[in-house]
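Heads up: the structure comes next, in structure tokens.
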Amino acid sequence: MSLTKTFHIQTFGCQMNERDSETLAGMLTDMGYEEQEVRNDADIVIINTCSVREHADERFFGTLGQLKKIKEQRPEFIVALCGCMMQQQHIIDRVKTKFPWVDVIFGTHNIHEFPKLISALASEKERQVDVWEDGGEIVEGLPSKRKFSFKSFVNIMYGCNNFCTYCIVPFTRGRERSRRPEEILREVKALVDDGVKEVTLLGQNVNSYCGMDDAENEVTFPQLLYMLNDIEGLERIRFMTSHPKDLSPELVQAFADCEKICNHIHLPVQAGSDEILKRMNRHYTSARYLKLVDSIRAVRPGIAISTDIIVGFPGETEEDFEQTLDLCRKVGFDSAFTFIYSVRKGTPAEKYEDQVPEEVKHERFTRLVDVVNESAAARNAAMVGKVCDVLVEGSSKHGQEGMLCGRTSGFKLVDFPGDESLTGTIVKVEITEGKTFSLRGQIAE
Ligand code: 5AD
Ligand code: SF4
């Protein structure tokens, strides 16, 4: 057995959490730990939790239950919990009373304190709980252990000010704070020097990014994109998530001007009924959303558009729901993350009385998925015969010998025959088949 101590991080939820886990992995690597693939064999396990939906809670408590056995066999085994669930007092209370074998609890605002908590655990030999209510100054310069050598997430802002009535995120991630543009540029340049070709800029609502530059002038999101577009060696820029209410004409113009911005936008619509959108506190109508789609397509005709949609929000009638289906048909999404509304403790919609019955939610969900899949398949079928630039991610996940997979600029997954040595490069692939969730192709001569 190796003497080097090991860690395993299990990450739930969104890209923010994935990025935070890379920082935790970076800190653990600096502390001399090595990554362990098998969770139950590691010396430290960190569970980075998500609170967006209810069923994730139950899965999480199930996972915690399984860890008890390992703790019994190996008392020195360390269990640490972080992420959005830990920002909720009722969750911490439940962990403290029902899961006494948990050693460390911290939140979304103080991941940089993790090494300190681990050494305090070692010296004090008692459970460490440190969760901050809100984010302080942004901590720069933390280490990171990236999952991919050729692409990377880059946080540009933290938190959310929007308080959509169904959403827990403003309560778990605090108020909006934007990083300084110089810090972002410095990070992206360092990534490019390290071989990264594609960055995905992360924020709950990147369109309201507002960073202060060294001359103390405000820099908007489109301005940041122009700066990044000028970085030599960087090939692709992605970003998420864009809130429709803050999508400015300047951002549309940036799509026209900046060739490195990928041919994809993730633009969550959530619902197609104006009444429901109002009660979700989204600040746009379906007509406004359709106009935005038109304006983006006017400068980027083939752009792929993906979205998030919730069915069964309190008070959603059959008519409201049909308006969602109607909007989906009008837009023709390339893909959509579809969610069944689930009540989140502490959000305004928790108090809404007219909750939709479970069976109605499920029936609508199935109908929605059918409509979304239809447009996804049609959009993918229309790609056949086109030659696309594909950033190769490695062997195909479908397990077929000699098959690679990668992403087009439009974020579509393509499987094609090729040699693994192409991983991390951009190759030209001719699309030969369009399926609902992916494409097939062959390397173009
Ligand atoms: N129930 C269902 N879906 C939700 N989302 C956020 N909160 C909820 C909830 N309470 C979805 C939204 C958001 C995505 C990340 O998760 O569609 O855009
Ligand atoms: Fe949640 Fe709305 Fe903020 Fe997105 S914009 S994180 S859905 S509150």
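Sequence positions, counted from 1, serve as the residue numbers for this chain.
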For a quick test of your reading: what N or O donor-acceptor pairs under 3.5 Å do the side chains of residues 196-203 make, sequence neighbours left out?
residue	atom	partner	partner atom	Å
Lys197	NZ	Gly424	O	2.9
Glu198	OE1	Arg236	NH1	3.2
Glu198	OE2	Arg238	NE	3.0

Looking at [X], I'd like to know if its [atom1] atom is crowded, meaning that more than 12 non-hydrogen atoms belonging to other residues, nucleotides or ligands lie closer than 6.0 Å.
X: Glu319; atom1: CD; result: no
X: Phe337; atom1: CZ; result: no
X: Glu35; atom1: CD; result: yes
X: Glu133; atom1: CD; result: no
X: Lys397; atom1: NZ; result: yes

[X]: side chain to side chain donor-acceptor pair (under 3.5 Å) partners, not counting sequence neighbours:
X: Glu137; value: none
X: Glu182; value: none
X: Asp389; value: Lys428
X: Asp130; value: Trp132

Flag, side chain of [X] to backbone of [Y], donor-acceptor distance under 3.5 Å:
X: Ser152; Y: Phe148; value: no
X: Asp41; Y: Val38; value: no
X: Glu22; Y: Lys147; value: yes
X: Ser375; Y: Phe333; value: yes
X: Thr338; Y: Val369; value: no
X: Asp354; Y: Pro314; value: no
X: Thr49; Y: Cys82; value: yes
X: Thr307; Y: Leu267; value: yes
X: Arg282; Y: Tyr284; value: no
X: Arg379; Y: Ala304; value: no

Cut-off 3.5 Å, side chains only: do [X] and [Y] have a donor facing an acceptor?
X: Asn110; Y: His112; result: no
X: Asn380; Y: Lys435; result: no
X: Asp415; Y: Ser396; result: yes
X: Thr220; Y: Glu250; result: no
X: Asp320; Y: Ser273; result: yes
X: Arg59; Y: Thr63; result: no
X: Ser306; Y: His266; result: yes
X: Gln270; Y: Tyr166; result: yes
X: Ser21; Y: Asn48; result: yes

Mind checking what makes salt bridge (Lys or Arg N to Asp or Glu O under 4.0 Å) contact with [X], not counting sequence neighbours?
X: Asp20; answer: Arg173
X: Lys345; answer: none
X: Asp57; answer: Arg344
X: Arg300; answer: none

Quick one, [X] and [Y] - any side-chain contact, counting heavy atoms below 4.5 Å?
X: Val219; Y: Cys210; result: no
X: Cys388; Y: Met383; result: yes
X: His109; Y: Arg177; result: yes
X: Arg179; Y: Tyr158; result: yes
X: Leu191; Y: Arg146; result: yes
X: Gln88; Y: Thr172; result: yes
X: Val154; Y: Ile184; result: yes
X: Leu247; Y: Ile296; result: yes

Legend entry - Pair Lys278-Asp274, salt bridge (charged side-chain N to carboxylate O under 4.0 Å, His left out): steps then yes or no: CA-CA 6 Å; Lys278 200 160 164 193; Asp274 291 346; over 6 Å; no
Inset, instruction - Please list, chain by chain and in numerical order, all residues satisfying side chain to side chain contact (heavy atoms under 4.5 Å, CB included) with Ala190, sequence neighbours excluded. - result: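 So Ala190 forms no side chain to side chain contact (heavy atoms under 4.5 Å, CB included) with any residue.
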Inset, instruction - Sequence neighbours left out, what passes side chain to side chain contact (heavy atoms under 4.5 Å, CB included) with Asn205? Give chain and number order. - result: Asn162, Glu176, Asn207, Ser208, His243, Lys245, Asp246
Near-ring test [Y]/[X], centroid separation under 6.0 angstrom:
X: Phe60; Y: Phe12; answer: no
X: Phe365; Y: Phe339; answer: no
X: Phe313; Y: Tyr341; answer: yes

Nearest-0.5 Å distance that lies between atom [atom1] in [X] and atom [atom2] in [Y]:
X: Lys412; Y: Asn263; atom1: NZ; atom2: CG; answer: 10.0 Å
X: Phe153; Y: Ser144; atom1: CZ; atom2: OG; answer: 11.0 Å
X: Thr11; Y: Ile9; atom1: OG1; atom2: CD1; answer: 6.0 Å

Inset, instruction - Check whether NZ of the Lys or CZ of the Arg Arg94 lies under 6.0 Å from the centre of the six-membered ring of Phe61 and within 45 degrees of that ring's axis. - result: yes
Legend entry - Stacked cation flag Arg407 on Phe411, 6.0 angstrom / 45 deg: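 Ring-cation test returns yes.
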Which pairs would a plain distance check flag for residues 252-262, meaning a side-chain donor or acceptor within less than 3.5 Å of a matching protein atom at least two apart in sequence or in another chain?
residue	atom	partner	partner atom	Å
Gln253	NE2	Asp257	OD1	3.1
Gln253	NE2	Asp257	OD2	3.4
Asp257	OD2	Tyr226	OH	2.6
Glu259	OE1	Asn229	ND2	3.2
Lys260	NZ	Asn229	O	3.1
Lys260	NZ	Ile231	O	2.7
Lys260	NZ	Leu234	O	3.1

Legend entry - Identified salt bridge (charged side-chain N to carboxylate O under 4.0 Å, His left out) partner of Arg180 from the options Glu218, Glu216, Glu140: Glu216
